[in-house]
Amino acid sequence: MATAEQLNFYKENGYLVIEDFLALDDCKKLKERAKQIVGEFFEKENQEKTKTVSVFTTNDQTRQSDDFFLSSGDKIRSFYEERAVDKDRNLLVDPSRAINKIGHALGELDGVFRQVTVDAKVVALAKQMMRDPLVAQTMYIFKNPGIGGEVNVHQDSTFINTRPMTCQALWFALDDVTAENGCLWVVPKSHTAGITERFVRKPDGPGTIFVRPPPEQTAPWASAQGQADPGKSFPILNDTFPAGDPRWVPLPCKAGAVVLIHGSVVHKSEVNTSENPREVYTFHMIEKGVEYPPDNWLQRTPEFPFQTFDELAGFRGV
């Protein structure tokens with residue numbers, strides 16, 4: 001659990017790093033299971049002679065929002081690095097380095113990840129962050145050496161939006177995290193102003209689009225700069241918080257650390273330019289009982305709704 005001083009820091013700044021939170025054995029266990037899942041993905045592809053190549057990138061997310069991505073909210077699916085495939089979706093790197101992330105119900109559907117997600121220590125921390133959390137999205141992010149792509153400037157409530165906004169995240173470092181291998185960068189106190197845009201399903205067909213949030217959620221810098229551009233990810237945030245701006249703070253940490261991330265805090269991570277891995281398990285939470293808009297990109301079926309930690313602890317699949 002976090003101390004009162006740590007919680008006050010989180011409330012004031014929109015982020016918090018707690019070192020030595022996960023046992024290193026748990027970090028190793030999650031890394032090994034993620035490797036197995038990727039191996040099983042490629043084995044299935046080879047056996048069925050299919051080529052399910054869905055790329056994840058934050059550089060042009062509306063273009064990359066295919067059905068494989070949009071229907072992943074209640075599944076375990078693997079998504080490729082942008083630079084791992086060519087324009088014809090042929091693999092350019094070894095499969096062990098090709099996957100960007102696994103999502104988006106990993107912590108619910110996989111027993112190894114679920115065990116860590118519902119660990120008493122994790123649940124206690126989550127319940128310090130909000131009164132009655134629902135687990136809304138669970139992911140494994142690889143950021144492999146030399147190819148792990150950037151995650152552009154963003155706010156999580158752009159993607160996991162509720163009314164009122166309640167999204168918060170826990171981000172577990174499974175490797176030592178440095179500026180060279182792609183640590184998080186945050187803008188402290190940026191969570192108090194609102195968000196710039198929402199990432200939603202198109203109302204008139206397949207795909208996604210960025211739209212303006214409701215007025216009560218809109219950050220003042222967004223109001224001053226006009227409408228969100230549906231063809232370009234986060235133009236206002238990139239202009240408001242450019243690279244090199246002294247407001248950016250890096251968050252290097254050791255394997256086993258957890259980072260608390262407020263849904264409105266501005267953050268990013270850079271390309272992994274090192275020879276070292278930077279693997280992460282992360283999940284987002286929302287407060288039970290709030291409105292979850294039906295146009296949010298991430299949707300669940302009535303048979304598999306978002307669950308509390310208590311419900312998840314007894315979950316055995318759909």
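From a predicted model like this one, the values you see are computed outputs, not experimental measurements. Computation of the quantities below employed the complete heavy-atom set of this structure, encompassing side-chain atoms and omitting hydrogens, waters and symmetry-equivalent molecules.
The number of heavy atoms from other shown groups lying within 6.0 Å of NZ (Lys121) is above 12. Atom CD of Glu5 has 12 or fewer heavy atoms from other residues, nucleotides or ligands within 6.0 Å. The number of heavy atoms from other shown groups lying within 6.0 Å of CG (Asp204) is above 12. Residue Asp20 places its CG atom among 12 or fewer non-hydrogen atoms of other residues, nucleotides or ligands, all under 6.0 Å distant.
The salt bridge (Lys or Arg N to Asp or Glu O under 4.0 Å) test applied to Lys29 returns Asp26, not counting sequence neighbours. By the side chain to side chain contact (heavy atoms under 4.5 Å, CB included) test, Ala136 pairs with Ile160, Ile286, Phe306, sequence neighbours left out.
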Test side chain to side chain contact (heavy atoms under 4.5 Å, CB included) applied to Asn13 and Lys189, step by step: CA-CA 4 Å; Asn13 292 281; Lys189 300 181 172 63; 3.1 Å; yes
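Considering every non-hydrogen atom in both Glu81 and Gly148, the closest pair reads OE2-CA, 3.3 Å. Of all heavy-atom pairs between Leu106 and Thr138, the closest is N-OG1, 2.8 Å. Minimum interatomic distance between Thr166 and Glu287 (heavy atoms only, all atoms of both residues): OG1-N, 3.1 Å.
Judged by distance alone, with hydrogens and angles left aside, the side-chain atoms of Ser190 form no donor-acceptor pair with the main-chain N or O of Val265 at under 3.5 Å. With hydrogens and angles ignored, the 3.5 Å screen pairs a side-chain donor or acceptor of Thr282 with a backbone N or O of Leu170.
Looking at Arg278, Lys31, Lys28 one by one, the single match for salt bridge (charged side-chain N to carboxylate O under 4.0 Å, His left out) with Asp175 turns out to be Lys31. Of the candidates Trp297, Phe69, Phe199, Phe199 is the only one forming a ring-ring contact (aromatic ring centres under 6.0 Å, His included) with Phe159.
Counting heavy atoms from C-beta on, the side chains of Glu108 and Arg300 come closer than 4.5 Å. When side chains are defined from C-beta on, Tyr10 does not count as touching His191, because their heavy atoms never get closer than 4.5 Å.
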